Amino acid sequence: MCGIVGYLGPKAPKDIIISGLKQLEYRGYDSAGVAILHQGSLKRVRAQGKLTNLEKKLTEEKFDGHIGIGHTRWATHGVPSENNAHPHSVGGVSIVHNGIIENYMEIRERVLAEGGKIKSETDSELVAHLLSQEVRETGDLFEAALRVVPQLEGAYSVLSVWEEKPDQMVAFKNGPPLIIGLGKDEVIVASDIQAIVQYTKEVIYLDDHEIAYVEGSKCTVFDLKGNQLKKEIVHIDWNRESAEKQGYSHFMLKEIYEQPRAVAAALDPHVLRDPYRAELKDLTFGPQKTPARDVFNNIDRIYIVACGTSYYAGMTGEYFFEKLAHLPVECELASEFRY
């Protein structure tokens, strides 16, 4: 899964972005890159392989701007290479992308038919082409995003910047996570809390089919019709140590040992001790905020969707759900489920 970090604020973007990407190395990746404002343009530096390769290339690089985006890529469309690494830049618009654009062939043909020059093998570059085309017509990155998102099919989180408006970032998602951290006179956008928590503990979780418009140190979230949404600012009660490996040799081992505590913490707000019973009165589902009790009472089948060792855990869960809840359960591989 790709890693995304974006920064807008008074500090040096290069330092914040590289530090954040290091926190996301647990995801696995094959290349990395940044696009940071310098002398009015977005200077792009990319490297194949480990993040240390990118750091070496950045050693002598200078940036005078206060905005930038960074990315660690896990190849899907196109081989691991510097040319396929993110960010992708078209006409002054730079983007980083996590996910897969399913209708990329249709978009690619349209871009080529309109005279666009595609420089990589990726589906991600096509998003930059679409945004660049729309921003030329609208003169506004947010308006461009409003037009582009309905054209995309698949799972994606995208962070975009435009060198014509160096105090703005626009982010949107459908599937993969994207989080906005609100610091003192700064905003950090990332695909995981680890990249944010050392700078701020006030975050906004972007939901699917939402667009975040960042200007200066303010973030406003809209739906796909351009209506402003009221989003909760969540205080993260973590410190940097709890987000890191804490002496474990790797993140997977740390997560295995954390499982009992994580399950207990998730259940604790919903379990009464006198008498012992589950009480889900504050838990809701969906935009209509349907009470959990109403949802659970109407369930007639459960699907557990997972990959790898999680799939094996799901098969164990299938046995317990059927035995204890008396419901039919199907355990499916996530990579095949959508078919």
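Small disclaimer: the values here were computed from a predicted structure and weren't measured. We number each residue from 1, following the sequence as shown.
- Ring pair F172/F142: centre-to-centre distance not below 6.0 Å.
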Could you go step by step and tell me if F222 and Q228 meet the side chain to side chain contact (heavy atoms under 4.5 Å, CB included) rule? CA-CA 4 Å; F222 299 85; Q228 185 173 337; 3.8 Å; yes
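- To the nearest 0.5 Å, atoms CD (E232) and CD1 (I204) are separated by 10.0 Å.
- Remark: side-chain polar atoms of D15 are not paired, donor with acceptor, to backbone N or O of K11 under 3.5 angstrom.
- Linking ILVMFWY residues whenever their side-chain heavy atoms come closer than 4.5 Å, directly or via other members, leaves V148 and I100 in distinct clusters.
- Taking the ring pair (Phe, Tyr, Trp, His ring centres under 6.0 Å) definition, one finds that H129 meets it with nothing, sequence neighbours left out.
- Here the shortest heavy-atom pairing between G70 and L21 reads C-CD2, 4.0 Å.
- Applying the ring pair (Phe, Tyr, Trp, His ring centres under 6.0 Å) test to Y104 and every residue at least two apart in sequence or in another chain returns H77.
- For H66 (side chain) and P166 (main-chain N/O), a donor-acceptor pair under 3.5 Å exists by modelled atom type.
- A salt bridge does not link K201 with D237: none of the charged nitrogens is closer than 4.0 Å to a carboxylate oxygen.
- For residues 321-332, the set of pairs meeting the side-chain hydrogen bond (donor to acceptor under 3.5 Å, both in side chains) definition, not counting sequence neighbours, comprises R301-E330.
- Note that CG of L182 and SG of C219 are 6.0 Å apart. Values are rounded to the nearest 0.5 Å.
- Counting only distance, with no hydrogens or angles, the side chain of T138 and the backbone of E134 share a donor-acceptor pair below 3.5 Å.
- When only modelled atom types and interatomic distance are considered, Q133 and R110 share no side-chain donor-acceptor pair under 3.5 Å.
- A side-chain donor-acceptor contact under 3.5 Å links T72 to the backbone of G3.
- Contact check on R273 versus D268 returns a salt bridge, with a Lys/Arg side-chain nitrogen under 4.0 Å from an Asp/Glu carboxylate oxygen.
- A distance-only check finds a donor-acceptor pair linking the side chain of R44 to the backbone of P87 [under 3.5 Å].
- Among all heavy-atom pairs drawn from T76 and G99, the shortest one is OG1-O, 4.4 Å.
- One finds no salt bridge joining R46 and E82 here, because no Lys/Arg side-chain nitrogen approaches an Asp/Glu carboxylate oxygen to under 4.0 Å.
- Screening residues 154-172 for side-chain hydrogen bond (donor to acceptor under 3.5 Å, both in side chains), with sequence neighbours left out, gives Q168-Y213.
- Within the 3.5 Å criterion, the main-chain N or O of H97 finds a donor-acceptor partner in the side chain of H71.
- The residues E55 and K22 are annotated as salt-bridged, a charged nitrogen and a carboxylate oxygen being separated by less than 4.0 angstrom.
- Atoms CD1 and CZ, on I304 and F337 in that order, are 11.5 Å from each other to the nearest 0.5 Å.
- At a cut-off of 3.5 Å, with distance as the only test, a side-chain donor of E186 or Y7 sits close to an acceptor on the other residue.
- The two atoms that bring A334 and C307 nearest to each other are CB-SG, 3.5 Å, heavy atoms only.
- Contact between C331 and G314 at its shortest, heavy atoms only, is SG-C, 3.6 Å.
- Under a 4.0 Å N-O distance rule, the pair E106/R108 does not qualify as a salt bridge.
- Taking a cutoff of 4.0 Å between a charged side-chain nitrogen and a carboxylate oxygen, E202 and K184 do not qualify as a salt bridge.
- L333 and Y303 fall into different hydrophobic clusters, where Ile, Leu, Val, Met, Phe, Trp and Tyr residues are linked whenever their side-chain heavy atoms come under 4.5 Å apart, directly or through other members.
- For the pair E61 and K14, the salt-bridge criterion is not met [side-chain N within less than 4.0 Å of a carboxylate O].
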Check the pair L206 / I179 against side chain to side chain contact (heavy atoms under 4.5 Å, CB included), numbers first and verdict last. CA-CA 6 Å; L206 203 61; I179 304 160; over 6 Å; no
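- At a threshold of 4.5 Å between side-chain heavy atoms, the hydrophobic network of Ile, Leu, Val, Met, Phe, Trp and Tyr places L37 and I95 in two separate groups.
- Under the 4.5 Å side-chain contact rule for hydrophobic residues, L51 and I196 share a cluster.
- When atom types are taken as modelled, the side chain of N84 and the backbone of S120 share no donor-acceptor pair closer than 3.5 angstrom.
- Every residue was checked against the ring pair (Phe, Tyr, Trp, His ring centres under 6.0 Å) condition with Y312, not counting sequence neighbours, and none meets it.
- Residue pairs meeting the salt bridge (Lys or Arg N to Asp or Glu O under 4.0 Å) criterion with at least one partner in residues 212-230, sequence neighbours excluded, do not occur; the list is empty.
- Atom OG1 of residue T52 and atom CG of residue L54 lie 9.0 Å apart, to the nearest 0.5 angstrom.
- Cation-pi geometry between K43 and F63 is satisfied (NZ or CZ under 6.0 Å from the ring centre, within 45° of the ring normal).
- Salt-bridge formation is detected for the pair K231/D207: a Lys NZ or Arg NE/NH1/NH2 atom is positioned less than 4.0 Å from an Asp or Glu carboxylate oxygen.
- Here the side chains of Q23 and D192 are not in contact, with every heavy-atom distance at 4.5 Å or above.
- Without hydrogens or angle criteria, N174 side chain to G154 main chain gives a donor-acceptor distance under 3.5 Å.
- Note on K254 versus E258: salt bridge recorded, some NZ/NE/NH1/NH2 to OD/OE distance being below 4.0 Å.
- Side chain of S19 to main chain of I16: no donor-acceptor pair is present (N/O by atom type, distance under 3.5 Å, no hydrogens or angles).
- With respect to the salt-bridge test (charged N to carboxylate O, under 4.0 angstrom), the residues E125 and K119 do not qualify.
- Listed for the N103 side chain is a donor-acceptor partner under 3.5 Å among the backbone atoms of E153.
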Take N297 and I299 through the side chain to side chain contact (heavy atoms under 4.5 Å, CB included) test and state the conclusion after the steps. CA-CA 6 Å; N297 284 341; I299 287 175; over 6 Å; no
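- Of all non-hydrogen atoms in V170 and A145, the two that sit nearest each other are CG1-CB, 3.7 Å.
- Of all heavy-atom pairs spanning V5 and A195, the tightest one is CG2-CB, 4.0 Å.
- When hydrophobic clusters are built by joining Ile, Leu, Val, Met, Phe, Trp and Tyr residues whose side-chain heavy atoms come closer than 4.5 Å, directly or via intermediates, Y29 is not grouped with V79.
- The local environment of OH in Y311 is crowded, with over 12 non-hydrogen atoms from other residues, nucleotides or ligands closer than 6.0 Å.
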